[in-house]
Number of protein chains: 2
Amino acid sequence: MRLLPHPATEDIELTEVLRALSDPVRLEIVARLSVAGEMTCTVAGDDLGVHKSTASHHYRTLREAGVVLTKQVGRLKYMSLRRDDLDARFPGLLDSILRATLPAVLTSAEGTDAAAPVPARSGADA
Amino acid sequence: MRLLPHPATEDIELTEVLRALSDPVRLEIVARLSVAGEMTCTVAGDDLGVHKSTASHHYRTLREAGVVLTKQVGRLKYMSLRRDDLDARFPGLLDSILRATLPAVLTSAEGTDAAAPVPARSGADA
DNA sequence: CGTATAGTTGGATTGTTGTCAAACAATAAA
DNA sequence: TTTATTGTTTGACAACAATCCAACTATACG
């Protein structure tokens, strides 16, 4: 299990995060990650409408901006949102963006208490 | 008093707002506006380190993204943040960005207490 | 070993963006 | 009317970014 190179929490730049999230494809990837918790690149990039190399480029952009964490297990690479790091550095930012991105997913059910903003991280998944 | 063309509140796109705010110069302009409430372009662009035509381009970008509202009074153009519109469309987004931005911007004066929700809007707007 | 799977890299292309400089437009003031 | 002030527009240009395709690496599985 290898961890790919990522910026340290304190090195995450606001403008880079905003730029990373200003692309619809990347925003969609992030939205999926927020729901699924952790996904392989193949799953995250499924039906995105772009070539796999393009998707790979977006994974890299997200990783280098400090938005996602990527770890390699075997020949698979798992991506997950760096929720805690982002929230520590820019409190409330990711939540507000996710809320604006996934209105249907959240505002539907969910007790939505202040302690559980946005889809709770569902760590383990299928 | 003339109002320049702006996108309607419901037409403000998240990705465009994020993109608009992903530029350091524009982010600085927005930070200044959040403190001053309303400024002329000259004041907002003072000491930004870019040519005035470049600043003008940024004003336009911010306006077209729906981030700022511009009204012309005489030969002056006053810009102000579209706080209410942005907050209605993307709750909490602008605040989280300003909170992450301001400490670095107004390192002087201002209590910058963590409890205060970003500088209060000092503009004459609603 | 050979083959399939997962994802990256390099090249090419096309389009976007940030920047400056100079010319311009509109308004206010003298 | 002439001049100064404010800001925009246009053109040029270099840097960047999104995309595809093809080739590549690395791991897993027979």
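So that the names make sense, note that chain A is the first sequence line, chain B the second, and so on, each numbered from 1. Excluded from the calculations below are hydrogen atoms, water molecules and symmetry mates; all remaining heavy atoms, backbone and side chain alike, are included.
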Check your understanding: Could you state the CG-C1' distance from B/Leu18 to D/dA17, rounded to the nearest angstrom?
Key -> 17 Å
Review point. Between D/dA22, D/dA18, C/dT17, which nucleotide has the shortest distance from any of its atoms to the side chain of B/Arg19?
Key: C/dT17
Review point. Roughly, in whole Å, what's the span from CZ in B/Arg60 to P in D/dT6?
Key: 22 Å
Practice item. Report which part of the nucleic acid A/Gly45 touches: base, sugar-phosphate, or nothing (heavy-atom distance under 4.0 Å, all strands). Key: nothing
Exercise for review: Looking only at side-chain atoms of A/Arg2, point me to the closest of C/dT19, D/dT27, D/dT9.
Suggested key: D/dT27
Check your understanding: Linking I/L/V/M/F/W/Y whenever their side-chain heavy atoms sit closer than 4.5 Å, directly or via other members, would A/Tyr59 and A/Leu69 fall into one cluster?
Key -> no
Exercise for review: Kindly point out which of C/dA29, C/dT19, C/dA22 is positioned nearest to the side chain of B/Arg75?
Suggested key: C/dA29
Review point. Side chain of B/Arg19, backbone of A/Ser22: donor and acceptor closer than 3.5 Å?
Key: no
Review point. Is there a side-chain polar atom (N or O) of B/Arg26 under 4.0 Å from OP1 or OP2 of C/dT17?
Key: no
Practice item. Name the nucleic acid region contacted by A/Lys77, choosing base, sugar-phosphate or nothing; use a 4.0 angstrom heavy-atom cut-off, strictly under. Key: sugar-phosphate
Exercise for review: Using a heavy-atom cut-off of under 4.0 Å over every strand shown, decide if B/His58 touches base, sugar-phosphate, or nothing.
Suggested key: sugar-phosphate
Review point. How many Å lie between CG on A/Leu76 and P on C/dA6, as a whole number?
Key: 7 Å
Point to revise | Closest to side chain of A/Ser56, choosing from C/dA22, C/dT8, D/dT9 | key: C/dT8
Check your understanding: Does a side-chain N or O from A/Thr54 land closer than 4.0 Å to OP1 or OP2 of D/dA18, or not?
Key -> no
Review point. Base, sugar-phosphate, or nothing for B/Thr40, non-hydrogen atoms under 4.0 angstrom?
Key: sugar-phosphate
Point to revise | Residue whose closest nucleotide on DNA chain D lies nearer the 5' end, A/Gly74 versus A/Lys52 | key: A/Lys52
Practice item. Starting from C1' on D/dT19, measure out to OH on A/Tyr59 and report it in whole angstrom. Key: 14 Å
**Study point:** Interatomic distance where CG belongs to A/Asp23 and C1' belongs to C/dT16 [whole Å]
**Key:** 12 Å
Practice item. Say whether, by atom type as modelled, one donor and one acceptor occur between the side chain of B/Arg83 and the main chain of B/Leu94 under 3.5 angstrom. Key: no
Review point. Got a donor-acceptor contact below 3.5 angstrom from the A/Thr61 side chain to the A/His57 backbone?
Key: yes
Review point. Rounded to the Å, how far apart are B/His51 NE2 and C/dA23 C1'?
Key: 11 Å
Check your understanding: When the distance from CD of B/Gln72 to P of C/dA25 is rounded to whole Å, what number comes out?
Key -> 15 Å
Review point. Hey, is the side chain of A/Ser53 pairing donor to acceptor with the base of D/dC21 inside 3.5 Å?
Key: yes
Review point. Just by modelled atom types, is the A/Gly74 backbone N or O under 3.5 Å from a matching donor or acceptor in the A/Gln72 side chain?
Key: yes
Point to revise | Interatomic distance where NE2 belongs to B/His57 and P belongs to D/dT8 [whole Å] | key: 12 Å
